[in-house]
Amino acid sequence: MAPKHCPICAVKKFIRSKRLNQPVTEKYNNGMALTPPMGWSSWNLFKYKINETLIKEIAEAMAKSGLADAGYKYVNIDDCWQNSSRDENGKLQTDFITFPSGIKKLNDYVNSLGLKLGIYSSNGTHTCEDYPASLGNERIDADTFAEWGVEYFKYDFCHNEPVPTAAPWIIKVNVGEKSGCDFYEAFAKDAVLSGEACLEKNEKAEGGFFIKGLCAGNGAAEFKDIDVKEAGKYVLTLTVSKAKKERKFLVISVNSKKEYYLDVPALNHYTPEHRFQLEINLEAGENTIRLYNPIASKKDSAFFQYKLMGNELKRATKEYAEKNGTEEKKIIFSICEWGRNKPWLWGAEAGNLWRTTPDIIPDWKSVMALYEITVRLGKYAGPGGWNDPDMLEVGNGNLTHEENRSHFSLWCMMCAPLILGNDVRKFIKSDGTVDKDSKVYQILTNKNLIGIDQDILGIPCRKVKGLSHSPLVDVLVKPLDGKRVAVCVLNKGRGSKKVKVQIDKIVAFADVNVDKKEKYNIFNCWTEEKNEGKEFVSITQKHGCEVFIIS
């Protein structure tokens, strides 16, 4: 029997409530985003003022301007594309007026331009703008997105309801055939308990006991020797106590191979117990059912919920392709929970990229704040899974030319996804030609910086101390393929800065694969000047930067 008062248990519970307790054991591994994804999103500039015509015009401009050829392939629709209600089959549907053709037809049009369409929802009861969202509807929404053919999915965090850490108290377990009789019955006292799981005596409970202590990853109960003649679907009935009127959660693991999830609402106490039923797959022979709740913190909850949606996306695209005899259109999964639950610790198993920060705004302070958070997290990112400091604001707001250039350079150095947020239609002049003299266009299509972001090694930069004598100047180092290294000198100050960098100090770093030489090749990624030497001098203006490739 568990002690009624346990100070040590209380301390352990508090510690677990603040950390990630779930093991991160494998990569998301859907074969996508081997380099950071590139595209455009509707949110930063247009927010809720979007429609089908706008998305088509943006896609046309991306194709015609050369942005698509530069690597920007995804046209992502953010919030406010939805109808305020689901259809009669429970599926998400578009606004009847602003997106009259529906997403599938819009996707076909975008595909015809050589581009890919992205869609948006939220890991909550509603989206950030209060439209229907996907929490609790993961399976049907993943199937819908696969049917529509979208290839990028941003999953926000508004109106989220965390998975409860509490677990129901188990009285009895039954297994039987649907529309038939139960052939297996076991009471609480028949279970094999582990961890802090324990029996609580209760005369009102059938069998005289119920199982407590399955909460917050502290314990588990196993029911063994469930003998089945033929493999197939069977009905599991769980009888639980109605004690404590609160939401609860339970994982039902069958033979350690398949998991089922039970959400228990706050139950009224008019009767002492309640039955929950679900269909489970059992194997021929003996089976084991394990009951537990692994969620001990909000970090655990976020990891669990995002991983659930990610797995549904992988399942849905595969099943749709098999059913229709078509090539699978896999979906890049963008986790957007704003860095609240340290997604860099678990995002690589749940999706392809994860927001490390709050939302960006077109302001230098915002750009710097998001940079300072994300530049420290490089070790968590790599091919297939990326830190995401939010979308680009290049060309928006009152950012100066130097600030736009620095913003773009830093995102490329950090291997961040390059998702444009400006009005790319402005790159097409009234005569139909491309405005290649636009400074914003020149920044966003700089092939040298894009090449750094898309480098096959996928190693984000790190900030190196000792290469600059000014606290207002950062020197970033990013190893590249082909025995090269990118070096960014960032001036965070208000005046111009001059920095002399010794290249021997850079190539001496263990992660930099550049041979030591008498003279190095020095290439300026913005001016495209080429030099040779043992050092280079960077002169930057207020909030400016220079990026060099050393080989």
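- Leu92 is listed as a side-chain neighbour of Asp141, based on a closest heavy-atom distance under 4.5 Å.
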Show the numbers, then the answer: is there a salt bridge (Lys or Arg N to Asp or Glu O under 4.0 Å) between Arg462 and Asp511? CA-CA 11 Å; Arg462 58 189 177 90; Asp511 59 343; 3.0 Å; yes
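- Contact annotation: the side chain of Asp359 never approaches that of Met391 to less than 4.5 Å [non-hydrogen atoms, C-beta and beyond].
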Run the side-chain contact (heavy atoms from CB on, under 4.5 Å) test on Ile450 and Met38 for me, step by step, so that the C-alpha distance in whole Å, both residues' side-chain angles and the decisive distance to 0.1 Å come before the verdict. CA-CA 10 Å; Ile450 293 174; Met38 298 173 61; 3.8 Å; yes
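- One side chain, Thr127 or Asp79, offers a donor N or O that lies under 3.5 Å from an acceptor on the other.
- Remark: the backbone N or O of Asn160 is not paired with any side-chain donor or acceptor of Asn123 at under 3.5 angstrom.
- Lys257 has a carboxylate O that lies under 4.0 Å from a charged side-chain N of Glu283, or vice versa, which qualifies the two as a salt bridge.
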Apply the test side-chain contact (heavy atoms from CB on, under 4.5 Å) to residues Val75 and Met62: give CA-CA distance (whole Å), side-chain angles for both, the deciding distance (0.1 Å), then the verdict. CA-CA 9 Å; Val75 182; Met62 289 178 69; 3.8 Å; yes
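- For the 3.5 Å distance criterion, the side chains of Asn137 and Arg139 fail to qualify, holding no donor opposite an acceptor.
- Judged by the 6.0 Å distance and 45° axis criteria, Lys212 is not positioned over the aromatic ring of Phe210.
- Every residue two or more places apart in sequence or in another chain that forms a side-chain hydrogen bond (donor to acceptor under 3.5 Å, both in side chains) with Lys172 is listed here: Glu185, Glu206.
- With a 6.0 Å cutoff to the six-membered ring centre and a 45° limit on the axis angle, Arg290 counts as a cation-pi contact of Tyr292.
- Judged by distance alone, the side chains of Thr288 and Glu222 never bring a donor and an acceptor atom under 3.5 Å apart.
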Salt bridge (Lys or Arg N to Asp or Glu O under 4.0 Å), that's the test. Do Glu349 and Lys307 meet it? Break it down for me. CA-CA 7 Å; Glu349 184 169 334; Lys307 184 177 177 181; 2.5 Å; yes
Applying side-chain contact (heavy atoms from CB on, under 4.5 Å), run through Ile280 and Lys258 and close with a yes or a no. CA-CA 9 Å; Ile280 61 173; Lys258 174 70 175 177; over 6 Å; no
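- A donor-acceptor distance shorter than 3.5 angstrom exists from the side chain of Gln305 to the backbone of Glu161, with no hydrogens or angles considered.
- Using a 4.5 Å heavy-atom cutoff, the side chains of Lys154 and Asp156 are in contact.
- When all heavy atoms of Pro132 and Asn83 are compared, the closest pair comes out as CD-O, 3.2 Å.
- Distance alone, capped at 3.5 Å, places no donor-acceptor pair between the Asn341 side chain and the Pro343 backbone.
- Taking the side chain as every heavy atom from C-beta outward, Lys323 and Glu319 never approach each other to under 4.5 Å.
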Under the criterion side chain to side chain donor-acceptor pair (under 3.5 Å), I'd like the reasoning laid out for Asn268 against Lys245: C-alpha separation, chi angles, the key distance, then a yes or no. CA-CA 7 Å; Asn268 289 319; Lys245 191 173 182 179; 2.9 Å; yes
For Asn30 and Thr317, what are the C-alpha separation, side-chain angles and deciding distance, and is it a side-chain contact (heavy atoms from CB on, under 4.5 Å)? CA-CA 11 Å; Asn30 64 345; Thr317 56; over 6 Å; no
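- Ile360 is not listed as a side-chain neighbour of Thr357, based on a closest heavy-atom distance of 4.5 Å or more.
- Between the Glu177 side chain and the Asp182 main chain, no donor and acceptor come within less than 3.5 Å of each other.
- Rounded to the nearest 0.5 Å, atoms OH (Tyr28) and CG (Leu353) are 10.5 Å apart.
- Of the possible donor and acceptor atoms, none in the side chain of Asp388 sits under 3.5 Å from a partner among the backbone N and O of Trp354.
- Put simply, CG on Leu291 and CG on Leu238 are 6.0 Å apart, with the number rounded to the nearest 0.5 Å.
- In this structure, Arg19 contributes its side chain and Asn21 its backbone to no donor-acceptor pair below 3.5 Å.
- Checking side-chain atoms of Lys329 against main-chain N and O of Gly149 turns up a donor-acceptor pair under 3.5 Å.
- Between Glu147 and Lys91, at least one side-chain nitrogen of the basic residue sits less than 4.0 Å from a carboxylate oxygen of the acidic one, meeting the salt-bridge criterion.
- No donor-acceptor pair closer than 3.5 Å links the side chain of Asp263 to the backbone N or O of Phe249.
- A 4.5 Å side-chain heavy-atom check between Pro294 and Val251 finds at least one atom pair inside the cut-off.
- Taking CG of Leu115 as the reference point, atom NZ of Lys73 lies at 6.5 Å (rounded to 0.5 Å).
- Summarising the local packing, CD of Glu322 is surrounded by more than 12 heavy atoms from other residues, nucleotides or ligands at distances under 6.0 Å.
- Taking the charged nitrogens against the carboxylate oxygens, Glu328 and Lys318 have no contact shorter than 4.0 Å, which rules out a salt bridge.
- Residues Ala381 and Trp386 come closest through the heavy atom pair CB-CA, 4.1 Å.
- Using the six-membered ring where Trp is involved, Tyr234 and Phe183 have ring planes that are perpendicular, over 60° apart on the 30 and 60° scheme.
- Between Glu273 and Ser241 there is no side-chain heavy-atom pair separated by less than 4.5 Å.
- Using a 4.0 Å cut-off between charged side-chain N and carboxylate O, Asp300 and Arg16 make no salt bridge.
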Is there a side chain to side chain donor-acceptor pair (under 3.5 Å) between Ser134 and Ser121 once you walk through the steps? CA-CA 6 Å; Ser134 299; Ser121 187; 2.7 Å; yes
Please assess Asn255 against Asn287 for the test side chain to side chain donor-acceptor pair (under 3.5 Å), listing each intermediate value before the final yes or no. CA-CA 6 Å; Asn255 300 321; Asn287 294 263; 2.7 Å; yes
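- Rounding to the nearest 0.5 angstrom, the gap separating the CG atom in Asp453 from the SG atom in Cys415 is 6.0 Å.
- Between Phe145 and Trp148, the ring planes are tilted. Angles from 30° to 60° get that label.
- Side-chain rings of Tyr72 and Tyr74 stay apart, their centers remaining 6.0 Å or farther from each other.
- Relative ring orientation between Tyr380 and Trp344 is described as tilted, the plane-to-plane angle lying within the 30° to 60° band.
- A centroid separation of less than 6.0 Å is found between the aromatic rings of Phe304 and Tyr261.
- Separating the CD1 atom in Ile103 from the CD atom in Glu52 is a distance of 8.0 Å, to the nearest 0.5 Å.
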Report the C-alpha separation of Thr356 and Thr374 in whole Å, then their side-chain angles, then the decisive distance to 0.1 Å, and conclude whether the side chain to side chain donor-acceptor pair (under 3.5 Å) test is met. CA-CA 6 Å; Thr356 55; Thr374 308; 2.8 Å; yes
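- Here Cys158 pairs with Cys128 under the disulfide (SG to SG under 2.5 Å) rule; sequence neighbours left out.
- Under 3.5 Å, the side chains of Asp95 and Thr98 contain a donor-acceptor pair of N or O atoms.
- Taking the side chain as every heavy atom from C-beta outward, Ile335 and Tyr155 never approach each other to under 4.5 Å.
- Judged by distance alone, the side chain of Asn293 and the main-chain N or O of Pro164 form a donor-acceptor pair under 3.5 Å.
- Side chain of Glu337 to backbone of Arg340: a donor-acceptor contact under 3.5 angstrom is found.
- Here the CG atom belonging to Asn396 is positioned 12.5 Å from the CG atom belonging to Asp363, to the nearest 0.5 angstrom.
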